[in-house]
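Quick note: numbers below take in every heavy atom, side chains included, and nothing from hydrogens, waters or symmetry partners. Each ligand, and each atom within it, is numbered from 1 in the order the structure gives.
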Amino acid sequence: MKQDELKQQAALAALDYIPDNGILGIGSGSTVNLFIAALASKAHLLETTVASSVASFNLLKQYKIPVAEFNQVGNIDVYIDGADEINPHFQMIKGGGGCLLREKILATAAKKFVCIADESKLVTALGAFPVAIEVLPMAQSYVARELVKLGGLPVLREGFLTDNHNIILDVHDLPLHEPLALEEKLAAIPGVLGSGLFAHRPADSLLLATKLGVQVKERR
Ligand code: 5RP
């Protein structure tokens, strides 16, 4: 089975997690795009959705699914999003699509985080995928030097600005044996607006699409 077919399986499995008359946070990326398409026929079950990116917001609108600004809603009942890597503790590297800051805000505000992924995303240890860091443009050089001090190799994502008009540094080779501590160190660098390391807010559930079907895993 191809990766896209597995993503579709994970996306369809997430339909079981739509909160009845509740607020659904929507992540970003190709797996989430498939979820949004599938959600169209179930949108009447929801109060509304909140999107983690302009792209997801526009896609929700395109499918005529109600979508509100985050400031207009209270708590998010369920947040559904993909990942670039997820470890057995359900800590993740996210941000391949550059939406990590808004994703982390919605994920942290949500009562439940459901990660949808194909089996290639499950890893024993995080770190093969670079950690995306959203950076205030005027602080790019300073932040890059601080990231090198942490052992990382930052690479500017050329020609890319986030929805918040900031730049992304993709950082390779960061020491990821203590994800919680590293996430704190990254957040403490002035000029860093957010990192794609999701250690303090791991997923609660993982819908992992494998060639043998979708495995539903709960964080222990
Ligand atoms: C976007 C993300 C995505 O969830 C992550 O990149 C996975 O994307 P895809 O579903 O396309 O594999 O964090 O910022």
Among all protein non-hydrogen atoms, which one is nearest to [atom], and what is the separation to 0.1 Å?
| atom | answer |
| --- | --- |
| atom 10 (O) of ligand 1 | Thr31 OG1, 2.5 Å |
| atom 11 (O) of ligand 1 | Ser30 OG, 2.5 Å |
| atom 12 (O) of ligand 1 | Lys121 NZ, 2.7 Å |

Would Asn21 and Leu46 count as a side chain to side chain contact (heavy atoms under 4.5 Å, CB included) if you check the C-alpha gap in whole Å, the side-chain angles of each, and the deciding distance to 0.1 Å?
CA-CA 4 Å; Asn21 209 23; Leu46 288 165; over 6 Å; no
Side chains of Lys112 and Ser205: do they bring a donor and an acceptor to under 3.5 Å?
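A donor-acceptor contact under 3.5 Å links the two side chains.
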When you check the side-chain N and O atoms of Gln91 and His200, is any donor under 3.5 Å from an acceptor?
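Absent: no donor and acceptor within the cut-off.
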Any non-hydrogen atom of Ala83 lying under 4.0 Å from ligand 1?
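The answer is yes: ligand 1 sits under 4.0 Å from a heavy atom of Ala83.
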Heavy atom to [atom], shortest distance: which of [options] holds it?
| atom | options | result |
| --- | --- | --- |
| atom 3 (C) of ligand 1 | Gly27, Ser28, Gly96, Gly95 | Ser28 |
| atom 6 (O) of ligand 1 | Asp84, Ile86, Leu101 | Asp84 |
| atom 14 (O) of ligand 1 | Glu103, Met92, Lys94 | Glu103 |

Should we count CD of Glu5 as having more than 12 external heavy atoms under 6.0 Å?
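Result for CD/Glu5: enclosed.
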Quick one: do Asp81 and Lys94 make a salt bridge, cutoff under 4.0 Å?
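Here Asp81 pairs with Lys94 in a salt bridge, since their nearest N and O are under 4.0 Å apart.
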